Amino acid sequence: MKYEHKSIEQKWQKAWEDNGIFHAEENSKKPKFYTLIEFPYPSGQGLHVGHPRSYTALDIIARKKRMQGYNVLYPIGWDAFGLPTENFAIKNHVHPKEVTKKNVARFKSQLQSLGLSFDWSREINTTDPKYYKWTQWIFLQLFKNGLAYKKEMAVNWCTSCKCVLANEEVVNGGCERCGSEVVRKVKSQWMLKITAYADRLIKDLDLVDYPERVKAQQKNWIGRSTGAEVDFTTTTGDTLTVYTTRPDTLFGATYMVISPEHPLIEKLSSVIKNMDEIRAYQEAASKKSDFERTEVAKDKTGVKIDGVEAINPVNNRQIPIFISDYVLVSYGTGAIMAVPAHDTRDWDFAKKFDLPIIEVVKGGEDVQKAAFTDCATGILVNSDYLDGLSVDDAKKKIIEKLEETGKGHAKVNFKLRDWVFSRQRYWGEPIPIVHCPCCGAVPLDESELPLELPNVESYEPTDNGESPLATMTDWVNTKCPKCGADAKRETDTMPQWAGSSWYFLRYMDPHNDNALASPEALKYWSPVDWYNGGMEHTTLHLLYSRFWHKFLYDIKVVPTPEPYAKRTSHGMILGEDGGKMSKSRGNVVNPDEIVDTYGADTMRTFEMFIGDFENAAPWSSSSIKGCRRFIERFMGLTDIMTEDNNIRPALESAFHKTIKKVGEDVENLKFNTAIAALMSLINDIYATNSITRKELEIFTKLMSLFAPHAAEEVWSVKNLGKGFVSVSEFPTYDESKCVENTVEIAVQVNGKIRDKIVVPVDIDQQGAVSLAKQSEKVNSFLDGKNIVKEIYVKGKLVNIVAK
RNA sequence: GCCGGUAUGGCGAAAUAGGCAGACGCAAGGGACUUAAAAUCCCUCGGAGUAAAAUCCGUACCGGUUCGAAUCCGUACCGGUUCGAGUCCGGUUACCGGCACCA
């Protein structure tokens, strides 16, 4: 049979869609299976060869589950709010809505050309007011529950996007999206209190099946640490509270450091003698970007505060206070007690400013030469009632003492900060809040949702840091929903992460106007059974959506504490040169060209065959030919089919083994070896020059996971079964038929292979060894030696140990 | 610096409760078919070695355990915990990812 991929692929894509065979069933009695991929951002560049790697992988899972009798939900939609669209709109003077529409159409046709078994009847779009009505609704619930609040604070400001960024969006001091410089800017911002969920976001990782690296990264990002807050009094009678993870070293505190922004400085400005010097330091620190501030500086800087000192609560020793930018205002209390003997940063600082270093934990080298930071082995010294204790015991004891005397208490801290939720841009969900001069921030009534984006003249971001919406006075000016007074709408919009934080719920019931999804649909489909996506979203989307879902669980909207039961992650497809695909490198592969030249089936098979799914893999324009040949050979089977409706005995175990292997490998994301097994089997089939009807039926079903169009064609041309092979019953195997009658085993002498023999599969040790000894080759190595030991490993080898 | 991961032919990679290293595919070389090329089919394909064999070497490094190690161990060097350490804690090289002055 001639293989014309273009006509075949178009034909079957249309047939699948016309018959709706991939639509998830409503009110089904079948067990459900919800497979999910991260819905794409429809960029102007169109689909990238990286997208199909994830989509094809879960498509294969979805297809297999469908064939195994599950009611499968494999949905698709568009995460369409965002800056590139807006920037394109500004440049070309088109409405972002139009840009989005065009990009979605392009993406949709590209995706459909790949033969992915999405349920297109559930397509969603985050920019659709019917969709973002519910994004806004969730925001209102967060607001009503005190988890959304507005706060004046220093934020990350992208100088190019003219917009604030969340901490998660700042990469190496630059904007995650455009790479431009990020500076600190004080602005009033909407914040979401993700920190209220910090503990549960760590703890509930135990409930889900995620790769270890994902769990580790999330834990690392949340950064839980346990320690104590300790109150120091100052010579002015004020209280200076510090956070420390090493309260056991309190006796070794020889100075204190507060961050340049610490409020105590203003409060004591009249007492401080060197205020000019301090002001100059503050000024210099504020000019540094966040990146420079947090970069591990080799050289510590700081200024000693003149005129006020602190008193160590455990020994009443008077110690100096410094300001230094190595202490961050945003972590802990913005102040530390410095224990140079047991903290490398404090040690560096102490050396530079010639401050005393007092050893309070014994067990390391000379603390005058380097800080000793090992908690596991140290023993407390020079610490009064803590002397002789281990670090752990000393921590417990000192915290007890502090709590007794009211000088401190145990404290847990997180690196995680609240989520900066405002963006000063047009193309995002409007925040449904009205600012009233009397009532403050007032939420819109839920019946007013969706609060739609107005049409504006210009989407250009403003230099004064306000959203383009602020210029729309008839939209901005409104009445307070509470008291009716003249009031103004919030003009900031939500970040792109808002719409994607709950989209998987909408798929369960995408056309519902009364709720984000019906309780019945949520109950039936939750949680997502298998979610595949990129590692780059681990501390962004994946964390945000877990947070929202936990909140929705708390207010009894969703039935499960975690949104995704299982998460897997694919590796990147690299350019042929081994580097990341990018326009500037000129190594970008266009999927349209691949589909055009080789067909979607080849593209799919190749992306699955390319290597370990979880690792990065370079594209190869020559290797893909092997996959094309494989599919041609598959199509060619139709020319050698016989009407025999059995599996031939010679191939029986090969078929059963392949069914088993393909099924298991697919579940374990080992697509490459599953395809290799099918290639091996087809080689065995061609060696016999024929294939039976029954054999072709099974082979076609297995192939339909990877090359669904070609499989449908073979299925229908040879009339192998009713309907579509894509929804036929997945073949089963018989474990007992997976084994051959005879097997070739290796014969070793002293661990070196000397011969290979064919033996019955169930032969015992004695039989195998005596057969092995009949080999001349083996005997030549045994000559003149005594046999010490004979080893037989069933189905593998015989090893004769001789001396 | 900390956390996680990886290391196998010319290339993408297989094989780990220890058991035939390199499945499957690409590339390459030879042959068949063809006026020729492409396509297809057959053969070879880790390295050294040989006329062909034999044989030796080979899974980042070094060292071990074992009849047998890509797979297990680190006992190499030193120290600690312990009545008692091969067993618990603390090493080397290269690359990738994450975090990084988080007290």
Side-chain angles (χ1 to χ4, degrees), chain A residues 171-172 211-221 223-225 227 242-246 249 257 259 293-298 300 324-328 330-339 342-346 348-349 363 373-374 376-377 413-417 535-536 538-539 571-572 578 605-606 609-612 614-627 629-630 632-633 636 670 672-683 686 744-756 780 788-803:
Chain A
V171 178
N172 287 334
E212 256 330 293
R213 55 181 176 159
V214 171
K215 289 190 181 183
Q217 259 182 50
Q218 288 208 343
K219 281 181 194 164
N220 202 339
W221 183 261
R224 185 181 199 270
S225 74
V242 301
Y243 171 70
T244 177
T245 56
R246 293 292 303 273
T249 61
V257 188
S259 71
R293 279 286 302 264
T294 55
E295 202 180 17
V296 186
K298 309 99 216 153
K300 298 266 183 293
S324 172
D325 63 3
Y326 87 88
V327 174
L328 309 173
S330 50
Y331 184 76
T333 62
I336 62 155
M337 64 176 205
V339 185
H342 305 292
D343 181 284
T344 49
R345 294 152 306 186
D346 296 345
D348 291 344
F349 193 87
T373 56
D374 183 4
T377 63
N413 252 325
F414 297 94
K415 288 191 207 173
L416 185 73
R417 311 289 159 78
M535 282 305 288
E536 70 275 17
T538 300
T539 54
M572 256 194 295
T605 306
F606 177 60
F609 186 63
I610 196 166
D612 189 328
E614 297 185 85
N615 291 338
W619 183 264
S620 165
S621 52
S622 55
S623 283
I624 193 170
K625 289 178 191 156
C627 292
R629 281 181 202 139
F630 171 51
E632 283 171 6
R633 276 159 73 77
K670 302 277 180 203
N672 50 342
T673 49
I675 292 167
L678 288 168
M679 288 172 166
S680 275
L681 181 57
I682 209 171
N683 289 344
Y686 270 105
E744 188 186 61
I745 64 170
V747 181
Q748 300 182 337
V749 177
N750 293 333
K752 293 199 170 168
I753 292 158
R754 298 306 183 187
D755 201 2
K756 291 178 182 183
S780 70
V788 184
K789 201 172 175 185
E790 289 162 348
I791 293 150
Y792 171 61
V793 182
K794 194 171 178 241
K796 298 277 184 186
L797 55 70
V798 167
N799 185 16
I800 300 169
V801 185
K803 284 193 175 163

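Reminder, nothing fancy here: chain letters follow the sequence lines and each chain counts from 1. Keep in mind the model is a prediction, meaning the values are calculated, not measured.
- At whole-Å resolution of the value, CD in A:Glu632 and P in B:A38 are 16 Å apart.
- Pairing for B:G68 is absent, judged as Watson-Crick or G-U wobble with the two contacts each under 3.5 Å.
- Among the protein residues, A:Lys756 comes within range of the nucleic acid bases, having at least one heavy atom under 4.0 Å from a base atom.
- In this structure, A:Asp755 contributes its side chain and A:Val747 its backbone to no donor-acceptor pair below 3.5 Å.
- With distances taken from any side-chain atom of A:Tyr331 to the nucleotides B:G97, B:A103, B:C3, the minimum falls on B:A103.
- Taking only side-chain nitrogens and oxygens, A:Asn799 never comes nearer than 4.0 Å to OP1 or OP2 of B:G19.
- Distances from the side chain of A:Leu797 to the nucleotides B:C20, B:G12, B:C24 place B:C20 closest.
- Closest approach to the A:Ala746 side chain among B:G25, B:C20, B:A103 is made by B:C20 (side chain taken as heavy atoms from C-beta onward).
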Margin query: Run A:Asp343 and A:Arg246 through side chain to side chain contact (heavy atoms under 4.5 Å, CB included) and show every step you take.
Written below: CA-CA 9 Å; A:Asp343 181 284; A:Arg246 293 292 303 273; over 6 Å; no

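- Here the side chain of A:Ala676 is nearest to one of B:G12, B:C99, B:A23, namely B:A23.
- The base of B:C101 sits within donor-acceptor range of the side chain of A:Lys300, with an N or O pair under 3.5 Å.
- Spacing between B:G63 and B:C77 at atom P, rounded to whole Å, works out to 13 Å.
- B:C62 and B:A69 have their C1' atoms separated by 16 Å, given to the nearest Å.
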Check: Where do A:Trp619 and A:Phe606 land on the side chain to side chain contact (heavy atoms under 4.5 Å, CB included) test, with the steps shown first?
Finding: CA-CA 9 Å; A:Trp619 183 264; A:Phe606 177 60; 3.9 Å; yes

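- Between the CD1 atom of A:Ile610 and the P atom of B:C11 there is a distance of 16 Å, given to the nearest Å.
- The listed nucleotides are B:C3, B:C101, B:A103; the one nearest the side chain of A:Asp325 is B:C101.
- Here, B:G29 and B:A37 have their P atoms 14 Å apart, quoted to the whole Å.
- Nearest to the side chain of A:Val801, among B:C24, B:C99, B:C67, sits B:C67.
- Phosphate contact (OP1/OP2 of B:U55, side-chain N/O of A:Arg754, threshold under 4.0 Å): present.
- Taking CD1 of A:Ile682 as the reference point, atom CZ of A:Phe630 lies at 5.5 Å (rounded to 0.5 Å).
- Comparing the same atom, P, in B:G18 and in B:G9 gives a spacing of 24 Å after rounding to whole Å.
- Within the model, atoms NZ of A:Lys300 and CG of A:Asp346 stand 8.5 Å from one another, a figure rounded to the nearest 0.5 Å.
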Item checked: Test log, rule side chain to side chain contact (heavy atoms under 4.5 Å, CB included), inputs A:Thr538 and A:Arg213 -> CA-CA 10 Å; A:Thr538 300; A:Arg213 55 181 176 159; over 6 Å; no

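- For A:Ser623, the listed nucleotide lying nearest its side chain is B:C26; candidates were B:C26, B:G68, B:A100.
- Rounded to an integer number of Å, the gap from CE of A:Met572 to C1' of B:G5 is 14 Å.
- Under the Watson-Crick or G-U wobble criterion, with both distances below 3.5 Å, B:C24 is paired with B:G12.
- Judged by distance alone, with hydrogens and angles left aside, the side-chain atoms of A:Asn615 form no donor-acceptor pair with the main-chain N or O of A:Gly571 at under 3.5 Å.
- The listed nucleotides are B:A103, B:C3, B:G25; the one nearest the side chain of A:Thr244 is B:A103.
- The 5' end of RNA chain B is approached more closely, in terms of each residue's nearest nucleotide, by A:Ala617 than by the other of A:Ala617 and A:Val749.
- Taking side-chain N and O atoms only, A:Arg633 has a distance below 4.0 Å to OP1 or OP2 of B:C41.
- Remark: A:Asn672 is not in phosphate contact with B:A23, judged by side-chain N or O atoms under 4.0 Å from OP1 or OP2.
- As rounded to whole Å, 15 Å separates atom C1' of B:C20 from atom CD1 of A:Ile791.
- Comparing A:Lys752 and A:Met535, the nucleotide of RNA chain B nearest to each residue sits closer to the 5' end for A:Lys752.
- In terms of polar N and O atoms assigned as donor or acceptor, the side chain of A:Lys625 never comes within less than 3.5 Å of the base of B:C26 in a complementary pairing.
- Both distances falling under 3.5 Å, in either a Watson-Crick or a G-U wobble arrangement, place B:C99 opposite B:G1.
- A:Asn750 comes within 4.0 angstrom of the backbone, heavy atoms only, and of no base.
- The distance from the CZ atom of A:Arg633 to the CZ atom of A:Arg629 is 10.0 Å, given to the nearest 0.5 Å.
- Within 4.0 Å of A:Ser622, counting heavy atoms only, lie sugar-phosphate atoms of the nucleic acid but no base atom.
- Across all strands shown, B:G58 has no partner, as no Watson-Crick or G-U wobble contact with both distances under 3.5 Å is found.
- Its glycosidic angle being within 90° of 0, B:G9 falls on the syn side.
- Note on A:Glu744: a base of the nucleic acid sits closer than 4.0 angstrom, heavy atoms only.
- Formation of a donor-acceptor pair under 3.5 Å by the A:Tyr326 side chain with backbone atoms of A:Val257 is not found in this model.
- A gap of 23 Å separates the P atoms of B:U40 and B:G46, to the nearest Å.
- OP1 or OP2 of B:C26 has at least one side-chain nitrogen or oxygen of A:Arg629 nearer than 4.0 Å.
- Between the P atom of B:G25 and the CD1 atom of A:Ile682 lies a distance of 10 Å, rounded to the nearest Å.
- Comparing the P positions of B:G86 and B:A70 gives an interatomic distance of 26 Å, to the nearest angstrom.
- Nucleic acid contact for A:Ser330: none, since no nucleic acid atom lies under 4.0 Å from a heavy atom of the residue.
- Spacing between atom CZ of A:Phe606 and atom P of B:C26 amounts to 11 Å, rounded to whole angstrom units.
- Looking at the side chain of A:Ser680, the nearest of the listed nucleotides B:A103, B:A23, B:C20 is B:A23.
- Summarising the geometry, the separation between NZ on A:Lys415 and P on B:C101 is reported as 8 Å, rounded to the nearest angstrom.
- Identified under the salt bridge (charged side-chain N to carboxylate O under 4.0 Å, His left out) test for residues 789-800 of chain A, with sequence neighbours left out: A:Lys773-A:Glu790.
- For A:Thr673, taking side-chain heavy atoms from C-beta onward, the closest of the listed nucleotides B:C99, B:G25, B:A14 is B:A14.
- Atom CG in A:Asn615 sits about 13 Å away from atom C1' in B:C95, given to the nearest Å.
- Backbone-only engagement by A:Ile753 is indicated by non-hydrogen atom pairs under 4.0 Å involving sugar-phosphate atoms exclusively.
- The same atom, P, is picked in B:C24 and in B:U16; the two are 16 Å apart, to the nearest Å.
- Put simply, the side chain of A:Gln748 and the base of B:G19 share a donor and an acceptor less than 3.5 Å apart.
- Using atom C1' as the reference point in both B:A51 and B:G12, the two lie 36 Å apart (nearest Å).
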